[in-house]
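For reference, the structure discussed in these notes is given below.
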2 protein chains.
Amino acid sequence: MLNKEKITSRKEKAIETKKKIYASADRLFRKHGFDKVSVDSIVEMAGVSKGAFYVHFGSKNALITALSVDFVQQLDLDYKSYLESFPADTTASDILIALVGKIADVITLTVGYDVMKVIYEVQITKTVNTEAVLGYNRDLYKIFNNIINQGVQQGEFKTELTVDTITKHLIMAIRGLTYEWCIRYPNFNLKEQALKHFGILLTGIKKQ
Amino acid sequence: MLNKEKITSRKEKAIETKKKIYASADRLFRKHGFDKVSVDSIVEMAGVSKGAFYVHFGSKNALITALSVDFVQQLDLDYKSYLESFPADTTASDILIALVGKIADVITLTVGYDVMKVIYEVQITKTVNTEAVLGYNRDLYKIFNNIINQGVQQGEFKTELTVDTITKHLIMAIRGLTYEWCIRYPNFNLKEQALKHFGILLTGIKKQ
DNA sequence: TACAGTCACCGACTACAGTCACTATATATT
DNA sequence: AATATATAGTGACTGTAGTCGGTGACTGTA
């Protein structure tokens, strides 16, 4: 029987090939944008065949998603460290508002429209498993969960809804805002609208 | 100079061609779903050339959008007549909650996942002008505006935000919920989540 | 060492959206 | 009526994502 774990020279080479494709794609996408880069150009730069591409990635979108996932995970780490800069006695609402502003900044300034658009498009076309972006154990959910939990503990938020439920609704709202930003681009100020929207949502969650 | 208004036999024939394409597409889409119908098969059924298709529709998505727009306008009319069945003294909140439930029902039961998915996908890929679906003068905005205005007049809602602003935020929330439903399909109960979400939003809008 | 099985890889091929130079003919102009 | 112009319509062609039967180097086994 073949040992599934052993890393043979053959598998090493395969991993090497995958990395080459990934790296070429990354360079080309950054240079020309997602739309203008074809699979053919990626495999040409990587020096492999088209067949090899589809051995390692189920589709062009799957590759884009893989790149996005790396990106999203990095972003979540950034949000985490951003929060560590806050004084311990900041209220949960204030933290949430600050975080939402930060997220809006990152999306509009760092990530940018082209990339966000593709991520949202891929999610809806479902050609790819986007668990890492959508999954409820994504870091962003944990971050929100912690803040909201703190708000509930300190009697700032209502207890009618579970912490988990509130978390899901708030992150859904961010996704909705970002979707709206994408479809109305460039006629929609994400940060301004996000802060206003969270003003409403937080009022609905706070104790009267 | 050519008279732009006159309906010549030539223009009649052109309209006829457009209708044939439209009708063939409608039949094929209903039968096989959007993804499995090619432009070639549409023009074959309509008995016209591919070039004719692109004379009348800028892209395949433009045709899908045209079909969607008809659909959406019909839905908005349905919502309007649904509201007329309410007693005059119903509170604005109650009307809104009922309407949101109705919309969720229509989306999940009447329109269905396949069609919603395409509408949301077309909007984000922006290959087409989706003004009729997104435009702030869409009937749905007017409907919401009336209800919210009533709520403000009767002192039920806060006056910090304008009626217009509230309308936009609520419809954005519906879009966000529907997007979430699409990307989590079939693991997301739209009606349940929409009602819960509007519970939060309305609390944030009502006078304390 | 011989050999059978596997699998990473190859690249010609298919399917399909969209383009464009051209044709045919209805309409406007003289 | 003769001619010029505008435009609906044509279909071969292009570009690109994705497919699939074939190949040979590498693997574990006897």
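Letters A, B, ... are given to chains in the order of the sequence lines, protein chains preceding strands, and every chain is numbered from 1. Only a predicted model underlies this, so the values are computations on that prediction, with no experimental measurement involved.
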Could you tell me whether the phosphate oxygens of C/dT27, OP1 or OP2, come under 4.0 Å of any side-chain nitrogen or oxygen in B/Ser9? yes
Can you tell which of C/dG18, D/dT10, C/dC9 lies closest to the side chain of B/Tyr54? C/dG18
Aromatic rings A/Tyr136 and A/Tyr141: how do their planes relate, parallel, tilted or perpendicular, breaks at 30° and 60°? perpendicular
Cation-pi geometry met for A/Lys18 and A/Phe57 (6.0 Å, 45°): yes
So what does A/Val55 hit on the nucleic acid, given a heavy-atom distance under 4.0 Å: a base, only sugar-phosphate, or nothing? base
Go through the N and O atoms of the side chain of B/Arg10 and the base of D/dT7, and report whether any donor-acceptor pair is under 3.5 Å. yes
Assigned partner base of D/dC26, Watson-Crick or wobble definition, under 3.5 Å: C/dG5
Pi-cation contact, A/Tyr79 with A/Arg138 (under 6.0 Å, within 45°): no
Geometric class of the B/His197/A/His169 ring pair [parallel <30°, tilted 30-60°, perpendicular >60°]: parallel
Salt-bridged, B/Lys80 to B/Asp76, with N to O below 4.0 Å? no
A/Thr17 side-chain N/O to C/dC9 phosphate OP1/OP2 under 4.0 Å: yes
What's the closest nucleotide to the side chain of A/Lys60 if the choices are D/dC26, D/dA17, C/dG11? D/dA17
How close do A/Leu67 and A/Tyr22 get, counting heavy atoms only, and between which atoms? CA-OH, 3.5 Å
So which nucleotide from C/dT27, C/dC9, C/dA17 ends up closest to the side chain of A/His56? C/dC9
Between A/Asp40 (CG) and C/dC13 (P), how many Å, whole number? 15 Å
What is the distance from CZ of B/Phe57 to C1' of C/dC16, rounded to the nearest Å? 19 Å
Figure out the CD1/C1' separation between B/Ile42 and C/dA15, and round it to whole Å. 15 Å
At less than 4.0 Å, is any side-chain N or O atom of A/Thr8 found next to OP1 or OP2 of D/dA25? Yes or no. no
Here the distance between atom P of C/dG18 and atom CD1 of B/Ile21, to the nearest Å, is 14 Å
What is the separation between atom CZ on B/Phe53 and atom P on D/dG9, rounded to the nearest whole Å? 13 Å
Could one point to a donor on the side chain of A/Lys50 or the base of D/dA17 with an acceptor on the other under 3.5 Å away? yes
From the set D/dT10, D/dA17, C/dA17, return the single nucleotide nearest to any side-chain atom of B/Ala52. D/dT10
Mind calculating the distance between CG (A/Leu28) and P (D/dT16) to the nearest angstrom? 13 Å
Contact class for B/Val37 (heavy atom, under 4.0 Å): base, sugar-phosphate, or nothing? sugar-phosphate
Which sits closer to the 5' end of DNA chain D, A/Gly51 or A/Ser38, going by the nucleotide each is nearest to? A/Ser38
How long is the line joining CD of B/Glu12 and P of C/dA26, in whole Å? 13 Å
Protein-nucleotide distance (A/Lys11, atom NZ; C/dC7, atom P), rounded to Å: 8 Å
